[in-house]
Every structure is written in structure tokens, then in C-alpha cells.
A.B. asks: 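Handing you this structure, nothing more for now.
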Amino acid sequence: GINAEYGAFCAHTFQTTGISMEHTGRREVTLERDYSHGIITRFEENFPEVIHERCSREDFLGIIQQINKLLEKAESFTVVSFIEGFFSCLSLYTLTFCYRCQSEKVYDSLRAYIKDSNEKILKPAGLELLDPFTNGMLYLKFVINPV
């Protein structure tokens, strides 16, 4: 269908891992969105070569895989998400002022997971994963700090 064609186009066009260097001397590595599964929000599970001297492949890919699992959970269509959407619409979305929907709770746990991963795994290795919500979940940006 159209989702598969769009996903294939995006996978071919946008799947690149970017490395940039700012004037501060720190390098940044970006992992782009993975469109090979359609428009579902998920990120490439690549291990950039510039990371291998700082972090183990297993730790790095484990972080990416957990982020992808949480995003899949947040965006999955369930009975609960249907009921939340139905009652939000029925209440002209005033329900959202007093009730946090399931996807928002998962996004909060995603932010907490990123913070925890930064503190326990990435920062001790001289890396930092920036908040992907600031760029609309288009990519994951890792900062490689000078040692």
C-alpha cells in the first residue's frame, strides 16, 4: 500500500548517520528516523564507528532498541487509546486538562529512560543523548564531548 511505498522512499532517501563538528570542539552524531517500517516513529539501529571507542556496541544498541520499544508502545492502537481518544473528542478535549493519556505517560517514561541512560552509561563514556522531543523526533543526536 501507500505506507509501504512511502516507507521505502523515506528509507532510501533519509537513512544516513550524520557526523558534524561544532566550533566548540565537540562532535555530534545523529541517528535518523527509520522509515523502513512505514511512518511509525523509530530510529535506525546503527552503531556509528566514532562511538565504538567510547561505548560498547551492546550498550549503545540496547539504548536505541529500548527507545524504539517505548515509542512503539506509545503509538500503538489499543482499546485504552481508542477510549481515551473517544472521550477526549466527546469532551471537546477538555478531558486532557485533567487526565494524562497513556501515550503521554509512555513519553514521560521515555524521557526518564534517556536521562537515566545518560547518567549511567553515556556521560561516563563522554557521550550525551539530547532530548529527541526538541527536534520533533526526527533524529537522535549524540554529543561526543572532548576527553
Side-chain angles (χ1 to χ4, degrees), residues 1-85 88 93 95-147:
I2 191 116
N3 279 345
E5 291 170 6
Y6 178 74
F9 167 76
C10 292
H12 174 72
T13 306
F14 299 113
Q15 271 194 344
T16 59
T17 301
I19 301 171
S20 65
M21 191 154 184
E22 292 188 356
H23 66 279
T24 60
R26 70 180 195 175
R27 293 183 292 176
E28 295 177 346
V29 176
T30 58
L31 291 181
E32 300 291 331
R33 288 265 301 266
D34 180 1
Y35 291 96
S36 64
H37 297 16
I39 58 173
I40 296 171
T41 305
R42 61 179 291 115
F43 296 99
E44 295 177 339
E45 293 183 10
N46 293 339
F47 184 63
E49 285 299 316
V50 295
I51 301 285
H52 83 278
E53 58 198 37
R54 304 274 185 122
C55 182
S56 75
R57 180 180 190 86
E58 293 77 26
D59 286 343
F60 186 82
L61 292 178
I63 291 169
I64 306 303
Q65 290 166 353
Q66 183 62 26
I67 289 171
N68 284 337
K69 286 179 189 175
L70 288 169
L71 288 171
E72 182 179 340
K73 182 178 178 182
E75 296 179 1
S76 64
F77 183 75
T78 63
V79 173
V80 172
S81 66
F82 173 78
I83 292 171
E84 288 172 344
S88 291
Y93 293 94
L95 178 67
T96 59
F97 294 120
C98 60
Y99 176 78
R100 293 185 48 78
C101 68
Q102 184 65 29
S103 61
E104 290 174 349
K105 293 174 187 175
V106 175
Y107 290 145
D108 288 343
S109 65
L110 175 60
R111 283 187 175 100
Y113 177 74
I114 289 172
K115 182 180 178 187
D116 187 57
S117 296
N118 273 331
E119 291 173 3
K120 293 181 179 176
I121 299 171
L122 297 173
K123 283 187 178 178
L127 301 169
E128 182 180 5
L129 173 56
L130 302 181
D131 185 0
F133 291 96
T134 60
N135 64 49
M137 303 295 279
L138 293 175
Y139 53 85
L140 294 177
K141 183 181 281 189
F142 292 86
V143 176
I144 304 172
N145 295 310
V147 181

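For this chain, numbers begin at 1 and follow the sequence in order.
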A.B. asks: Are Ile144 and Glu53 packed together at the side-chain level, in the sense that at least one heavy-atom pair is separated by less than 4.5 angstrom?
C.D. replies: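 A side-chain contact is absent here, since even the closest heavy-atom pair is not under 4.5 Å.
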A.B. asks: Atom CG in Asn46, atom CD1 in Ile51: separation rounded to 0.5 Å?
C.D. replies: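 Spacing of CG (Asn46) from CD1 (Ile51) equals 11.5 Å.
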A.B. asks: Quick check against the 3.5 Å criterion: does Ser81 have a side-chain atom that pairs as donor or acceptor with the backbone of Phe77?
C.D. replies: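 No, Ser81 side chain to Phe77 backbone: no donor-acceptor pair under 3.5 Å.
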A.B. asks: Measure the spacing between OG of Ser76 and CD1 of Ile40 and express it to the nearest 0.5 Å.
C.D. replies: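 So the gap between those two atoms works out to 9.5 Å.
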A.B. asks: Return yes if a side-chain donor-acceptor contact under 3.5 Å exists between Tyr139 and Glu44, otherwise no.
C.D. replies: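 No, Glu44 and Tyr139 have no side-chain donor paired with an acceptor closer than 3.5 Å.
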A.B. asks: Any side-chain heavy atom of Ile64 within less than 4.5 Å of one from Phe47?
C.D. replies: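 No, too far: nothing below the 4.5 Å cut-off.
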A.B. asks: When rounded to the nearest 0.5 angstrom, what is the spacing between NZ in Lys141 and CD in Glu128?
C.D. replies: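 CD of Glu128 is found 11.5 Å from NZ of Lys141.
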A.B. asks: For atom NZ of Lys115, is the number of surrounding heavy atoms from other residues, nucleotides or ligands below 6.0 Å larger than 12?
C.D. replies: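 No, NZ of Lys115 has 12 or fewer neighbouring heavy atoms, counting only those of other groups under 6.0 Å.
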A.B. asks: Among Leu129, Leu130, Ile63, which one satisfies side chain to side chain contact (heavy atoms under 4.5 Å, CB included) with Asn118?
C.D. replies: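 Of the listed residues Leu129, Leu130, Ile63, the side chain to side chain contact (heavy atoms under 4.5 Å, CB included) partner of Asn118 is Leu129.
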A.B. asks: Set out, in order, the CA-CA distance, both residues' side-chain angles and the distance that settles side chain to side chain contact (heavy atoms under 4.5 Å, CB included) for Arg27 and Val50, then state yes or no.
C.D. replies: CA-CA 9 Å; Arg27 293 183 292 176; Val50 295; 3.9 Å; yes
A.B. asks: Anything under 30° is parallel, anything over 60° is perpendicular, the rest tilted; go ahead and classify Phe142 against Phe60.
C.D. replies: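 Phe142 and Phe60: tilted rings.
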A.B. asks: Report yes or no: do Asp131 and Thr134 form a side-chain donor-acceptor pair below 3.5 Å?
C.D. replies: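 No.
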A.B. asks: Under 3.5 Å, is there a donor-acceptor pair between the side chain of Ser117 and the main chain of Ile114?
C.D. replies: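 Flag not set: sc Ser117 to bb Ile114 has no pair under 3.5 Å.
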A.B. asks: Might you work through the side chain to side chain contact (heavy atoms under 4.5 Å, CB included) test for Leu138 and Glu32, ending with a clear yes or no?
C.D. replies: CA-CA 7 Å; Leu138 293 175; Glu32 300 291 331; 5.8 Å; no
A.B. asks: Can you name the residues that form a salt bridge (charged side-chain N to carboxylate O under 4.0 Å, His left out) with Glu45, not counting sequence neighbours?
C.D. replies: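 For Glu45, the residues satisfying salt bridge (charged side-chain N to carboxylate O under 4.0 Å, His left out) (neighbours in sequence not counted) are Arg42.
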A.B. asks: Ignoring hydrogens and angles, tell me if any N or O in the side chain of Asp34 forms a donor-acceptor pair with the backbone of Ser36 under 3.5 Å.
C.D. replies: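 Looks like yes, one N/O pair under 3.5 Å.
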A.B. asks: At their closest point, which heavy atom of Asn135 faces which heavy atom of Pro132, and how far apart are they?
C.D. replies: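 Closest pair (atom of Asn135, atom of Pro132, distance): OD1-O, 3.1 Å.
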A.B. asks: Give a yes or no answer on whether the side chain of Asn68 reaches the backbone of Phe43 with a donor-acceptor pair at less than 3.5 Å.
C.D. replies: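 Yes.
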A.B. asks: Nearest 0.5 angstrom please: Leu71 CG to Arg33 CZ, how far?
C.D. replies: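 It comes to 8.5 Å.
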A.B. asks: Please report the interatomic distance OH(Tyr107) to CG(Leu70), rounded to the nearest 0.5 Å.
C.D. replies: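 Atom-to-atom, Tyr107:OH and Leu70:CG are 10.5 Å apart.
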A.B. asks: Which residues pass the salt bridge (charged side-chain N to carboxylate O under 4.0 Å, His left out) test with Glu75, not counting sequence neighbours?
C.D. replies: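 Salt bridge (charged side-chain N to carboxylate O under 4.0 Å, His left out) list for Glu75, sorted by chain: empty.
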A.B. asks: If you take all heavy atoms of Glu84 and Cys101, which pair is closest and at what distance?
C.D. replies: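 Reported closest heavy-atom pair: OE1-CB, 3.4 Å.
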A.B. asks: Nearest 0.5 Å please: distance from the CG atom of Leu140 over to the CD1 atom of Ile67.
C.D. replies: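 Leu140 CG to Ile67 CD1: 5.0 Å, rounded to 0.5 Å.
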A.B. asks: Output all residues satisfying salt bridge (charged side-chain N to carboxylate O under 4.0 Å, His left out) with Asp116, sequence neighbours left out; order by chain, then residue number.
C.D. replies: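 Expected list: Lys120.
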